[in-house]
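Take a look at the structure below.
Hydrogens, waters and symmetry mates play no part in the numbers below; they use all other heavy atoms, side chains included. Just so it is clear, the model here is predicted, and its values are computed rather than measured. We're numbering straight along the sequence, starting at 1.
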Amino acid sequence: MGTGNQPTTDNAFLRGNAYHAPDHSRFSGMNVIDMRMHMNFGDAPNAFNNGKDSDDSYNDATYNTVYVDSHDYGPNKSSERYTGGTDAWAENMSLMWTFRGIPTLYYGSEIEFQKGQRIDCGPTCPLATTGRAYYGDHLAGSVTASGFGVVSSATGAVAQTLDKPLVKHVQRLNQIRRAIPALQKGQYSTEGVTGQMAYKRRFTQGRWTASCWSRSPGRHLHRHPERHLRRRGHR
């Protein structure tokens, strides 16, 4: 077929501010790992720009599995677990939880577990020194939850784990994503927004509509014709 004749789709994109029913008639039956974003997660804006630039090549990029590092590679095919720092991790998480796709966190990244360690070295070094080391010690103890993402009490090592800043950040992101359907399964657009990493999302089902927009610090919406898109959602 050749790259010039590959089909494209707008299933992940809003049409202006309007959500439209996606056309999955040519779906292969297999959703994918978002390798484009993964390989470019040296920083969040780079991952965002690379992701959106190729989203018309997926049947529906809102189903892409999005992550920073894994049991095989870090960003840019690095052989080490991500070492960008706590602030960079927070921005990466904010992007993954508010942009299209399914956010996926490799175990321990919420406390920067084994950061900078070689992910795997086969039989040449102890597993405990690698990015695939055992994480269970950090989860020892008990946890009582009083709601979704809300810890009412914890004991043992897991209490210390839950007190880490990135853990609290991802708990809050989960709560926000759960409360806003547009973040879970909405389409997105950068039309009418300015900044390096800014976008709006919307999801409509029957008579129910939920809309939102997202930005990084210092980035903003330029003009928006529908003021309700700035709210969490409406009926």
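In terms of hydrophobic clustering, with Ile, Leu, Val, Met, Phe, Trp and Tyr side chains grouped at heavy-atom distances under 4.5 Å, Leu162 and Leu105 are assigned to different clusters. At a threshold of 4.5 Å between side-chain heavy atoms, the hydrophobic network of Ile, Leu, Val, Met, Phe, Trp and Tyr places Leu127 and Leu139 in two separate groups.
Using a 4.0 Å cut-off between charged side-chain N and carboxylate O, Asp60 and Lys185 make no salt bridge. Between Asp53 and Arg36 there is no salt bridge, since no side-chain N of the basic residue sits under 4.0 Å from a carboxylate O of the acidic one. Ion pair Arg132/Asp72 flagged as a salt bridge, since at least one NZ, NE, NH1 or NH2 atom sits closer than 4.0 Å to an Asp/Glu carboxylate oxygen.
Ile176 places none of its side-chain heavy atoms less than 4.5 Å from the side chain of Trp97. Residues Phe41 and Asn92 have side chains in contact (heavy-atom distance under 4.5 Å, counting atoms from C-beta outward). Counting heavy atoms from C-beta on, the side chains of Thr98 and Arg177 never come closer than 4.5 Å.
The cationic atom of Arg202 (NZ for Lys, CZ for Arg) does not lie both less than 6.0 Å from the six-membered ring centre of Tyr188 and within 45° of the ring axis. Cation-pi geometry between Lys52 and Phe48 is satisfied (NZ or CZ under 6.0 Å from the ring centre, within 45° of the ring normal).
Minimum interatomic distance between Val143 and Val151 (heavy atoms only, all atoms of both residues): CG1-CG1, 4.0 Å. Contact record, His38 with Gly74: CE1-O, 3.8 Å, taken as the closest heavy-atom pair. Considering every non-hydrogen atom in both Leu95 and Ala47, the closest pair reads CD2-CB, 4.5 Å. Closest approach of Lys115 and Thr83 over heavy atoms only: C-CG2, 3.8 Å.
Considering Thr65, Asn50, Asn64, Asn40 as possible partners of Asp34, the one that fulfils the side chain to side chain donor-acceptor pair (under 3.5 Å) test is Asn64.
Although no hydrogens or angles enter the test, the distance criterion places no donor-acceptor pair under 3.5 Å between the side chain of Glu91 and the main chain of Trp89.
Phe113 and His138 have perpendicular rings, their planes meeting at more than 60° on a 0 to 90° scale where under 30° would count as parallel.
Atom OH of Tyr63 is surrounded by 12 or fewer heavy atoms from other residues, nucleotides or ligands within 6.0 Å. For Tyr107, the OH atom counts as densely surrounded, since its 6.0 Å shell holds more than 12 non-hydrogen atoms of other residues, nucleotides or ligands.
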